[in-house]
Engineer: 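Dropping a structure here in structure tokens format, bear with me for questions.
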Amino acid sequence: MQTTRISYEKFITQTSDGAWVEWIKGKILTLTLTNDHSDMIGFLLPLLRTFVETYHLGKVFSPPFQMKTGPELPGRAPDVFFVTQANLDKLKKFYFNGPADLVIEVISTESRSRDRGEKFYEYEEGGVREYWLIDPQRKQAEFYQREDSGFYRAIPTADIYHSQVLPGLWISVDWLWQEPLPKLLSVLKEWKLI
């Protein structure tokens, strides 16, 4: 059976209804969301938004909003992504036309190989400066920063990770595995934002 391929432009206009989908080589991939996945996004998204808005650093996005890092690369809907003020000129109505400065993917069983494999190399090639992989099931957090060579370097972290893209932002890795996850206000107090 032949699968119909569509252009990214057609994909964007046809899927602007809030569906959580991605565009890969002309095909549409529908994504699923687990409870752990949803909880982690629900924890990280308001934290980053509050930090970014407090210091007027740019804008934070989440699905179904798209990011297209390059003409030959897929259109992805990262779990959370941040774009600096300097790069907001690439913002389109339904997608961001360029690499985000920071992308966070929350790993689930069905996304593990995609997040660690395909997306890792796409984001690296496309120019995403910082990439976080959060795996609630395995209780693993990996942080990568893109070097001048164009390749990601894993940043070793035991307890606290300091973002390169968002100066002053740090995250305690232990927060990610707490049950329930920490309250927004408690983290904002740790960051001295309130």
Side-chain angles (χ1 to χ4, degrees), residues 8 15 18-25 27-49 51-52 58-70 73-84 87 95-147 150-157 161-166 169-178 181 187:
Y8 187 69
T15 60
W20 194 5
V21 292
E22 294 182 337
W23 179 89
I24 297 99
K25 298 179 183 174
K27 295 182 182 178
I28 298 172
L29 172 67
T30 303
L31 304 173
T32 57
L33 189 65
T34 64
N35 186 42
D36 287 346
H37 202 125
S38 178
D39 286 348
M40 188 62 67
I41 294 170
F43 172 64
L44 294 169
L45 184 60
L47 286 179
L48 263 67
R49 277 196 173 141
F51 187 89
V52 166
K59 196 161 182 182
V60 178
F61 301 91
S62 63
F65 204 73
Q66 292 273 315
M67 174 186 72
K68 183 90 167 71
T69 58
L73 293 170
R76 297 291 188 178
D79 292 323
V80 179
F81 69 100
F82 161 72
V83 177
T84 62
N87 290 324
Y95 70 104
F96 183 72
N97 189 27
D101 294 280
L102 165 66
V103 169
I104 302 172
E105 293 287 5
V106 179
I107 296 174
S108 59
T109 303
E110 66 87 23
S111 76
R112 186 166 280 120
S113 64
R114 189 170 54 250
D115 292 338
R116 290 181 184 282
E118 298 164 27
K119 289 185 179 183
F120 182 95
Y121 295 107
E122 289 166 16
Y123 295 164
E124 183 180 66
E125 180 183 343
V128 173
R129 294 171 41 209
E130 192 169 318
Y131 184 35
W132 301 6
L133 283 163
I134 311 295
D135 189 337
Q137 189 177 29
R138 293 185 177 177
K139 295 189 171 154
Q140 286 181 309
E142 299 169 32
F143 304 94
Y144 297 91
Q145 295 175 358
R146 195 167 186 268
E147 297 187 315
F151 296 109
Y152 281 138
R153 178 174 58 95
I155 305 301
T157 182
Y161 173 73
H162 295 270
S163 174
Q164 176 186 40
V165 169
L166 288 164
L169 183 132
W170 57 272
I171 190 160
S172 171
V173 175
D174 288 340
W175 292 342
L176 303 171
W177 323 133
Q178 287 180 20
L181 288 163
V187 175

Engineer: Of the options Leu47, Leu181, Ile171, which is the one that meets Val187 in a side chain to side chain contact (heavy atoms under 4.5 Å, CB included)?
Structural biologist: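 The passing option is Leu47.
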
Engineer: Under 4.5 Å between any side-chain heavy atoms of Glu122 and Met67, yes or no?
Structural biologist: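 They are not in side-chain contact.
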
Engineer: I need the minimum non-hydrogen distance between Pro78 and Tyr123, along with the two atoms involved.
Structural biologist: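 Reported closest heavy-atom pair: CG-OH, 3.7 Å.
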
Engineer: Answer whether the closest heavy-atom distance between the side chains of Ser172 and Gln178 falls below 4.5 Å.
Structural biologist: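 Heavy-atom side-chain distance check fails, nothing below 4.5 Å.
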
Engineer: Report yes if some heavy atom in the side chain of Arg112 is under 4.5 Å from a heavy atom in the side chain of Asp135; otherwise report no.
Structural biologist: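 Of all side-chain heavy-atom pairs linking Asp135 with Arg112, at least one is under 4.5 Å.
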
Engineer: Could you measure the distance from the CD atom of Gln164 to the CG atom of Leu102? Nearest 0.5 Å is fine.
Structural biologist: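 Between Gln164 CD and Leu102 CG, I get 10.5 Å after rounding to 0.5 Å.
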
Engineer: Is the closest side-chain heavy-atom distance between Val60 and Phe51 below 4.5 Å?
Structural biologist: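 No, their side chains stay 4.5 Å or more apart.
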
Engineer: For Pro99 and Gly127, which heavy atoms make the closest approach, and how far apart are they?
Structural biologist: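 Scanning both residues completely, I find the closest heavy atoms to be CB-C, 3.6 Å.
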
Engineer: Anything under 30° is parallel, anything over 60° is perpendicular, the rest tilted; go ahead and classify Tyr161 against Trp132.
Structural biologist: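 Rings of Tyr161 and Trp132: perpendicular, as their planes differ by over 60°.
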
Engineer: Quick check: closest heavy atoms across Trp177 and Lys139, and the distance to 0.1 Å?
Structural biologist: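 Where Trp177 meets Lys139 most closely, the heavy atoms are CZ2-C, 3.4 Å.
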
Engineer: So, the side chain of Tyr152 versus the backbone of Val128: is there a donor-acceptor pair under 3.5 Å, distance only?
Structural biologist: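 Side chain of Tyr152 to backbone of Val128, a donor-acceptor pair under 3.5 Å: yes, one is there.
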
Engineer: Which atom pair, heavy atoms only, marks the closest approach of Tyr131 to Asp115?
Structural biologist: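 Answer, listing the atom of Tyr131 first, then Asp115: OH-O, 2.8 Å.
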
Engineer: Closer than 3.5 angstrom, by distance alone: can the side chain of Glu130 be matched with the main-chain N or O of Val165 as a donor-acceptor pair?
Structural biologist: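 Judged by distance alone, yes, a pair lies under 3.5 Å.
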
Engineer: Heavy atoms, side chains only, cut-off 4.5 Å: are Val80 and Phe82 in contact?
Structural biologist: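 Contact flag for Val80/Phe82 side chains = no.
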
Engineer: Under a 4.5 Å cut-off applied to non-hydrogen side-chain atoms, are Phe120 and Glu105 in contact?
Structural biologist: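 The answer is no; the side chains never approach within 4.5 Å.
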
Engineer: Please report the interatomic distance NZ(Lys119) to CG(Leu73), rounded to the nearest 0.5 Å.
Structural biologist: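 Rounded to the nearest 0.5 Å, the NZ-CG separation comes to 13.5 Å.
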
Engineer: List the atom of Gly75, the atom of Gln66, and the distance in Å for their closest heavy-atom pair.
Structural biologist: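 Closest approach of Gly75 to Gln66, heavy atoms only: C-OE1, 3.1 Å.
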
Engineer: To the nearest 0.5 angstrom, please state how far the CG atom of Leu45 sits from the CZ atom of Phe81.
Structural biologist: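 So the gap between those two atoms works out to 11.0 Å.
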
Engineer: Any side-chain heavy-atom pair from Gln137 and Ile107 closer than 4.5 angstrom?
Structural biologist: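 With C-beta onward as the side chain, the pair stays apart.
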
Engineer: Please report the interatomic distance NE2(His37) to CD1(Ile134), rounded to the nearest 0.5 Å.
Structural biologist: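 Spacing of NE2 (His37) from CD1 (Ile134) equals 11.0 Å.
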
Engineer: Which pair of heavy atoms, one from Val52 and one from Lys59, lies closest together, and at what distance?
Structural biologist: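 Shortest heavy-atom separation between Val52 and Lys59 comes out as CG1-N, 3.9 Å.
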
Engineer: Is a donor from one side chain sitting under 3.5 angstrom from an acceptor on the other, for Glu125 and Thr69?
Structural biologist: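 Their side chains do not contain a donor-acceptor pair, so the 3.5 Å distance test is not met.
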
Engineer: Could you walk me through whether Ser62 and Arg49 pass the side-chain contact (heavy atoms from CB on, under 4.5 Å) check?
Structural biologist: CA-CA 10 Å; Ser62 63; Arg49 277 196 173 141; 4.1 Å; yes

Engineer: Using modelled atom types only, decide if a donor and an acceptor are shared between the side chain of Asp79 and the backbone of Val106 within a distance under 3.5 Å.
Structural biologist: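 Yes, Asp79 side chain to Val106 backbone: donor-acceptor pair under 3.5 Å.
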
Engineer: Please determine, by modelled atom types, if Tyr144 and Glu124 share a side-chain donor-acceptor pair under 3.5 angstrom.
Structural biologist: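 The criterion, which ignores hydrogens and geometry beyond distance, is not satisfied for Glu124 and Tyr144.
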
Engineer: Atom CZ in Phe96, atom NZ in Lys68: separation rounded to 0.5 Å?
Structural biologist: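 So the CZ of Phe96 and the NZ of Lys68 are separated by 13.5 Å.
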
Engineer: So Ile104 and Ile41, do their side chains get closer than 4.5 Å, heavy atoms only?
Structural biologist: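 Counting from C-beta outward, Ile41 and Ile104 never come under 4.5 Å.
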
